[in-house]
Protein chains: 2
Amino acid sequence: MTAARVRSGGRPTLEEVAARAGVGRGTASRVINGSPRVSAHTREAVEAAVAELGYVPNRAARALAGNRTDAIALVVPESESRFFAEPYFSDIVRGVGAALADTEMQLLLTLVGSDRERRRLAQYLTAHRVDGVLLVSVHADDPLPDLLEQLGMPAVMNGRRSATEPLPSVDSDNFEGARGAVEHLVSRGRRSIATITGRLDVYASQRRLDGYRKALADAGHEPDERLIAPADFSEEGGVRAMRELLARRPDVDAVFAASDLMAAGARQVLREAGRRIPDDVALIGFDDSAVARHMDPALTSVRQPIEEMGRAMTRVLLEQIAGESAERQQIVLPTELVVRDSS
Amino acid sequence: MTAARVRSGGRPTLEEVAARAGVGRGTASRVINGSPRVSAHTREAVEAAVAELGYVPNRAARALAGNRTDAIALVVPESESRFFAEPYFSDIVRGVGAALADTEMQLLLTLVGSDRERRRLAQYLTAHRVDGVLLVSVHADDPLPDLLEQLGMPAVMNGRRSATEPLPSVDSDNFEGARGAVEHLVSRGRRSIATITGRLDVYASQRRLDGYRKALADAGHEPDERLIAPADFSEEGGVRAMRELLARRPDVDAVFAASDLMAAGARQVLREAGRRIPDDVALIGFDDSAVARHMDPALTSVRQPIEEMGRAMTRVLLEQIAGESAERQQIVLPTELVVRDSS
DNA sequence: GCGTAGAGTGGGAGCGCTCCCACGATCCGG
DNA sequence: CCGGATCGTGGGAGCGCTCCCACTCTACGC
């Protein structure tokens, strides 16, 4: 034991680990970072020292020296209450957490509400406080994705802005989900199948509408624009849209709503109008939320693999950060129709 | 302009800001950190340089030199699915985010599931990766709070473990919430008022039960243990408990369930038993979740100020970190009875 | 007039790590 | 048997900041 000065209080440093193991700082660093260029004997010695001292690397020092942060940000537009609606947010977070569990990566939660905060966010990223960004609930005209692109910051989006999304993205198969739901209605003998759409400036809404149209076309139904009522994902929107539908096509015998909340609104109107569900009018929602399960009658709904989306986004982002995948991945995950009593 | 070497690519450093403003590094640092010991003239010069260069401090360097991280962790036991149930998680996060918005603090989301991850968490904290910790959904026998206490790490809990919680905590007034709900039932002329409790090793459940008892005692009702059915916050638990209640006291004409989910389970059993809500049996839940709003009939429920709890927790934690408040704050926020059609 | 506060300032010394260069030891082919 | 790879290793030079000591300069007291 030479001059291995043991500090009184604080946590051990790499230097101390090295001293204890009788090696140089560089070698200790190599062991800790899993470099192969270390002899088995030395490795063991260092690992023993780490264990004895209870050494944990100092993140800040690492970040400073290595010019990386080992952290990624989950950026959530707070205004977007849809995203905060259960169980989307929780599930995404859980998926991200699962994918990060075996990693040293930290998850930073960044809520952006006002424009002021949006600017702050740009600073965050400029200041390289994270190695990558997970973006959820992005609008078609959101400047953030392009900003990230310019900065060369690895990023993955949940959903996409258009058919030709340049950024890597993970989305559920909105088209197939909608098509399958409507196909199900057709197979149950429904003739006048309407749809209540989400905001059409959201790409997902477009795709769900496309899927609806495709299913009807495949079934040989005559297209009728009066069966299509645009809304905004909200319950109130569902109420309004259903009223319109009932006025325009009183013979409607099935409704595919692009969200459970809108389906709840539609249900209310149908009930007030004396239509029984599913006897008179079948109803299908989208999201398979708690609302769907507890609605009366229980709502048939299209489930998205939300947690899996969170996992996939994270996986893709980590690959990008590691520089493993040069090509932009566009992942689309399948949905599932959960049939209950309303259809 | 002397030797103010302008680096080609990267982001500007303090040194460069200082050079540009024609001051020393120390002075520039003082301006940026808002020290009063700087002349107005100098301050302006530095601020101008910051603006021109678009300077943003490097977090890692700050953390390393200053031995702090400007980050707090929100620790979420993932196993606790109750917490993930809507809208609790989202609302807490929103509250925390709101309280952090004007701050430089970052929010780290830490999901702990397995025991392995729990150990990792202890390391996180040991490694001082955060300045403070927000703890939610803590069980009575959770070792984490005590660990934090030992480490001297600032921490605030959501809810508390017992009546004599040593750690700072923010909780809703479970006692009053329950008492008010049952009082409401009494005032509506209900005579045989039962309750379905949550897990009784959770302090909140205890308090809700206490509130139930108090309201009945105040109303001069004879206590009857057969009217108390313990469950576990889940819908299935609610089903089982309601069956028991019906068997033990067929004359029950009101049920106060300690969660909306349990109320949903109870509703199902009541309906199967041919009891009308609220005519035959009144029903009240707790949480005022989406389930409550969409239940049929819409469920009367006790709302907790969840977002406000998140804000309060954060406020208390920041004060602790700043060392402003020596005494341990125990904050209790009021609940609100949302009366709907089920009572 | 001189001393003595204090305000305002500059810059050295780290914080704990990674990167990388340089060095000795070992190994191989010719 | 020797030169040149190759492996394993040690440690210097930063990364960009905060902390703090030391210094200058002004204002004021006596």
Side-chain angles (χ1 to χ4, degrees), chain A residues 2-7 9-46 49-50 53-70 104 126-129 131, chain B residues 2-7 9-46 49-50 53-70 104 126-129 131:
Chain A
T2 50
R5 201 181 308 128
V6 176
R7 302 196 317 171
R11 291 191 324 289
T13 69
L14 227 209
E15 195 91 38
E16 285 161 21
V17 170
R20 173 121 190 178
V23 302
R25 183 168 28 78
T27 303
S29 173
R30 251 159 269 155
V31 171
I32 283 158
N33 292 290
S35 158
R37 314 210 139 291
V38 185
S39 71
H41 174 258
T42 305
R43 178 178 307 279
E44 278 165 31
V46 173
V50 166
L53 262 35
Y55 171 76
V56 181
N58 179 314
R59 273 198 167 236
R62 256 197 179 157
L64 183 57
N67 196 36
R68 69 199 155 103
T69 62
D70 286 342
E104 281 292 284
T126 312
H128 250 300
R129 282 169 175 171
D131 294 340
Chain B
T2 51
R5 201 182 306 127
V6 175
R7 302 197 316 173
R11 291 191 323 289
T13 69
L14 227 210
E15 195 91 54
E16 285 160 22
V17 170
R20 174 121 190 179
V23 302
R25 182 168 29 78
T27 301
S29 172
R30 249 160 272 156
V31 171
I32 283 158
N33 291 290
S35 158
R37 315 211 139 291
V38 185
S39 71
H41 173 258
T42 305
R43 178 179 306 280
E44 277 165 31
V46 172
V50 165
L53 262 35
Y55 170 77
V56 181
N58 179 314
R59 277 204 161 229
R62 257 198 178 156
L64 184 58
N67 195 37
R68 68 197 157 104
T69 62
D70 285 342
E104 281 292 284
T126 312
H128 250 299
R129 284 170 174 169
D131 294 340

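Proteins come first, then strands; the chains are lettered A, B, ... in the order of their sequence lines, and each starts at number 1.
- Note: CZ (Arg62(A)) to P (dG14(D)) measures 22 Å, nearest angstrom.
- Comparing Arg25(B) and Gly66(A) by the nucleotide of DNA chain C whose heavy atom lies nearest to each, the residue mapping closer to the 5' end is Arg25(B).
- What separates CG of Asn33(B) from C1' of dG16(D) is a distance of 13 Å, to the nearest Å.
- A straight line from CG of Leu14(B) to P of dG14(C) spans 20 Å, rounded to a whole angstrom.
- Here the C1' atom of nucleotide dG8(D) and the CD atom of Glu44(A) are 16 Å apart, to the nearest Å.
- Looking at heavy-atom distances under 4.0 Å, Arg59(A) makes no contact with the nucleic acid at all.
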Trace of the side chain to side chain contact (heavy atoms under 4.5 Å, CB included) decision for Arg59(A) with Asp70(A): CA-CA 8 Å; Arg59(A) 273 198 167 236; Asp70(A) 286 342; 3.6 Å; yes

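- For Leu64(A), taking side-chain heavy atoms from C-beta onward, the closest of the listed nucleotides dC15(D), dC17(C), dT9(D) is dC15(D).
- No hydrogens or angles were tested; on distance alone, nothing pairs the side chain of Arg37(B) with the base of dG6(C) as donor and acceptor under 3.5 Å.
- Nearest to the side-chain atoms of Arg30(B) among the listed nucleotides dC20(C), dG16(D), dC20(D) stands dC20(D).
- In terms of heavy atoms, Arg20(A) sits closest to Ala49(A) at CG-CB, 3.7 Å.
- A sub-4.0 Å separation between OP1 or OP2 of dC19(D) and a side-chain N or O of Ser29(B) is absent.
- Looking at Val46(A) and Arg30(A), their side chains never come closer than 4.5 Å, going by heavy atoms from C-beta outward.
- Contact check, Thr27(A) against dG8(D): no side-chain N or O comes under 4.0 Å of OP1 or OP2.
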List the steps, then state whether side chain to side chain contact (heavy atoms under 4.5 Å, CB included) holds for Arg62(A) with Asn33(A). CA-CA 11 Å; Arg62(A) 256 197 179 157; Asn33(A) 292 290; 3.1 Å; yes

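- Nearest to the side-chain atoms of Ala65(B) among the listed nucleotides dT9(D), dT18(C), dG14(C) stands dG14(C).
- Ion pair Glu104(B)/Arg129(A) flagged as a salt bridge, since at least one NZ, NE, NH1 or NH2 atom sits closer than 4.0 Å to an Asp/Glu carboxylate oxygen.
- Rounded to whole Å, the distance from CD on Glu15(A) to C1' on dG10(D) is 11 Å.
- Rounded to whole Å, atom P of dG14(C) lies 18 Å from atom CG of Asn58(A).
- Straight-line distance from the OH atom of Tyr55(B) to the C1' atom of dC17(D): 7 Å, rounded to whole Å.
- Considering only the side chain of Ser39(A), dG8(D) comes nearest among dG8(C), dG8(D), dG16(D).
- Across the protein-nucleic acid pair, Ile32(A) atom CD1 and dT18(C) atom P stand 7 Å apart, rounded to whole Å.
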